[in-house]
Number of protein chains: 2
Amino acid sequence: MSSRPTIKEVSKIAGVSFKTVSRVLNNEKHVSEETRRRVEEVVARLNFRPSHAARTLAGRRSFQVALLYDNPSPYYVYHVQTGAQQRCSELGYRLLLQPVDSQSPDLVSNVMALIDEAHLDGVILSPPVTEIPALLDELDRRGLPYVRIAPGARKEAGMAATIDDVAAAREVTEHLIGLGHRAIGFIRGLDSHVSTWERLQGYREALAAHGIAFDEDLVVAGENSFTSGGEAARKLLERRPRPTAIFAGNDDMAAGVLAAAHESDIDVPGQLSIAGFDDSDLAKAVWPPLTTMRQPVRELAYAAADLMLSPETGQQVTLEHKLMVRATTGPAPR
Amino acid sequence: MSSRPTIKEVSKIAGVSFKTVSRVLNNEKHVSEETRRRVEEVVARLNFRPSHAARTLAGRRSFQVALLYDNPSPYYVYHVQTGAQQRCSELGYRLLLQPVDSQSPDLVSNVMALIDEAHLDGVILSPPVTEIPALLDELDRRGLPYVRIAPGARKEAGMAATIDDVAAAREVTEHLIGLGHRAIGFIRGLDSHVSTWERLQGYREALAAHGIAFDEDLVVAGENSFTSGGEAARKLLERRPRPTAIFAGNDDMAAGVLAAAHESDIDVPGQLSIAGFDDSDLAKAVWPPLTTMRQPVRELAYAAADLMLSPETGQQVTLEHKLMVRATTGPAPR
DNA sequence: GGCATATTTGACAGCGCTGGCACCGCGCAA
DNA sequence: TTGCGCGGTGCCAGCGCTGTCAAATATGCC
């Protein structure tokens, strides 16, 4: 058993008190350069790793934060995780990845249990966990720091990293308008996601700005899934005159639209242009590759972690979106 | 501040020693039913949550295990996480989700650091972290329990949850042969994944079993990505006579093949059949929906966690794969 | 040189639990 | 009756660190 040298052994070998070793490990000041070097050398040689549990128990901070998510999209979850984890580990924090059930009545108490058990220093909320007032209130009440990624409600309050969904959706729509499309279908996402309504608003603003009347019949509800995208598309494609373009609220639904078009032998983009939203991995894996709005999920999560953990950074950050024009959009027919 | 009732307050209110409360929390025997009930009632009322850090520090177990992964596929990672996390939380363990860099020379020491810092009770390895001899050796040396998900090397040793990759690939190939295909291209995955070679072997066995000569020119290397699948497909489609079917080592590459076929106006499955492997989310999002071999990733991870944490379960488990016949495979042309 | 102030170090308590052991009281065999 | 086993309980040490405070030493300034 080579295992677990303790801080006391280190201090004995280095010839200092174990409190001094603790100072070195925590990068505190008031340690002479020489002592620091000596201790670090011993630490490295013995391969000493301080017990996280002991630090947590003894100190006031645990260096642990949790990322809460409840999102069915592997793509989204993966990138949120990656971004947050990177910033946390850069700053010496451990990130607990916690899937939760945002519909559950026990959500708040489950999260509080986690906070207590793990002595969390803060939490990162990703949509749709960002939209649960009871949770936000309880977090505020306990004074626990938290950041939200792309929050819909209470935007102004607290720390958050966002994109401008309205502007992004406006740009997508304007791209379509610029290609000559006038009858543009829109497939909404889940009602419970605030972004759904913001994207719809962006779509309407673009129409209005270009003098195109808003037609309620061209807006269909979807559920953010591939299947629901296909169903919504079939409804839209029955309309006469048929829309020449469809803007879906996310890429999964856009892929569904694309499949529906293939099924009906409608040429994309010759007879129908399709645009998505997210720029998920899917966008490049379908054929033709999907025109979509890139949402920097990884970077949002990175920025969120940064906001919460490095005090200098401000309270809010808005990141840039970017239209990825690929091959599913083209000039409107005739 | 309502926060953090401690075990002492609970014991005071319940009128027992705090050691007895600890016994109740840990479900130890030698506590009378009545006492247990009383304590549980107080625990619930105060909303008491034992400090994980303190338990870890005082006891010999931390009730923490880690899942190590280094896989570029969001789909795979998501499902591995979900399966492992579910079983862990059912059994009262916390699961740390740890991305690692399996190429890094520091991998072993990084993992050992994690083990020491977090006092891990065990680790779950997913491919390709399963294939690093130095890591397995060090784990063995320290006597730390670990399970592997779909290991390639040293299959017999230790705990593992697997599928039979050879048989699965054989079945895919036989499906194609059954449809009349004789010239079947095969796109290999990454050289470093053992499953790559097992799938190739299954492909060869099926050919042999049906008296079809193995043609080396029909096997092309890919890199498990969409792009590499497209490139490999273009090579295969140059061959004369052109293969009438392509079996790709995973779904991403199969999607690449499909895109390449669309690009060249090759009808799928009329002129070319395509099969993948994994049944990832992608398989249903492309058009036409992909015929593929379903690999129960979630269930594998669930079983792996179970093997490690519930002692009754054995050492090894093999789960069933299942061919998902969808729309990219059809009868061989003429 | 003397005194105030800053830097560097150590002693010690205690974070909230678990493990080990002693203890109490009871029933049952001897 | 004594003795023993055993279910039920409490006492205490101590896990490996951090926070606090005080002591020792160095530095600056008139």
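Note that the structure is a prediction, hence the values are computed from the model and not measured. A, B, ... follow the sequence lines: proteins, then strands. Residue 1 opens every chain.
Here B/Thr35 lies in heavy-atom contact (under 4.0 Å) with sugar-phosphate atoms only. Residue-level contact check: A/Arg23 touches the bases, meaning some heavy atom is under 4.0 Å from a base atom.
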Next item on the list: Could you check B/Tyr69 against B/Leu97 for side chain to side chain contact (heavy atoms under 4.5 Å, CB included), going step by step and ending with a plain yes or no?
Entry: CA-CA 8 Å; B/Tyr69 55 93; B/Leu97 302 174; 4.1 Å; yes
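Annotation: side chain of A/Ser89 is not in contact with side chain of A/Leu95 (no heavy-atom distance under 4.5 Å).
No hydrogens or angles were tested; on distance alone, nothing pairs the side chain of B/Lys8 with the base of C/dG16 as donor and acceptor under 3.5 Å.
At the phosphate of D/dG16, neither OP1 nor OP2 sits under 4.0 Å from any side-chain N or O atom of A/Ser51. In terms of phosphate contacts, A/Thr20 brings a side-chain nitrogen or oxygen within less than 4.0 Å of OP1 or OP2 of C/dG10. At C/dC17, none of the side-chain N or O atoms of B/Thr56 fall inside 4.0 Å of OP1 or OP2 (strictly under the cut-off). In this model, the phosphate group of D/dC17 is not approached by any side-chain N or O of A/Ser22 to a distance below 4.0 Å at OP1 or OP2. When the side-chain nitrogen and oxygen atoms of B/Arg55 are compared with OP1 and OP2 of C/dC17, none of them lie within a distance under 4.0 Å. Side-chain N/O atoms of B/Arg49 include none lying less than 4.0 angstrom from OP1 or OP2 on C/dC17.
Remark: P of C/dT7 and NZ of A/Lys29 are 8 Å apart, rounded to the nearest angstrom. Separating the CG atom of A/Asp116 from the P atom of C/dC17 is a distance of 10 Å, rounded to the nearest angstrom. Regarding B/His52, its NE2 atom lies at a distance of 12 Å from the P atom of C/dC17, rounded to whole Å. Atom CZ in A/Arg37 sits about 16 Å away from atom C1' in C/dT8, given to the nearest Å. The distance between atom CZ of A/Arg36 and atom C1' of C/dT8, rounded to the nearest whole Å, is 11 Å. Atom-to-atom, CD of A/Glu28 to P of D/dC17 comes out at 14 Å; the value is rounded to the nearest Å. Look at NZ on A/Lys12: it is 12 Å from P on D/dG16, rounded to the nearest Å. The nearest whole Å value for the distance from the CG atom in B/Asn26 to the C1' atom in C/dC17 is 9 Å.
The nearest heavy atom of DNA chain D to B/Ser17 and to A/Ala58 marks one nucleotide each, and the one closer to the 5' end goes with B/Ser17. When each of B/Gly15 and A/Ile7 is assigned the nucleotide of DNA chain D with its nearest heavy atom, B/Gly15 is the one assigned upstream, toward the 5' end. Looking at which nucleotide of DNA chain C each of B/Leu57 and B/Lys19 is closest to, the 5′-most match is held by B/Leu57.
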Check: If pairs are Watson-Crick or G-U with both distances under 3.5 Å, what is the dot-bracket string of DNA chain C, marking crossing pairs with [ ] and pairs to another strand with |?
Finding: ||||||||||||||||||||||||||||||
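Here D/dG7 is the nucleotide among C/dT8, D/dG7, D/dC17 with the atom lying nearest to any side-chain atom of B/His30. You'll find that the side chain of A/Arg60 is closest to D/dT20, out of C/dG16, D/dT20, C/dG14.
Between the side chains of A/Asp281 and B/Tyr75, no donor-acceptor pair is found at a separation under 3.5 Å. No side-chain donor from either of B/Gln85 and B/Tyr93 sits under 3.5 Å from a side-chain acceptor of the other.
Annotation: the span from A/Arg61 atom CZ to A/Thr56 atom OG1 amounts to 11.0 Å, rounded to 0.5 Å. Atom-to-atom distance recorded for B/Leu120:CG and B/Met112:CE is 10.0 Å, nearest 0.5 angstrom.
Checked for salt-bridge contact, B/Glu90 and B/Arg87 meet the test: a charged N lies under 4.0 Å from a carboxylate O.
In this structure, B/Arg94 is not positioned above the aromatic face of B/Phe63 in the sense of NZ or CZ being under 6.0 Å from the six-membered ring centre and within 45° of the axis.
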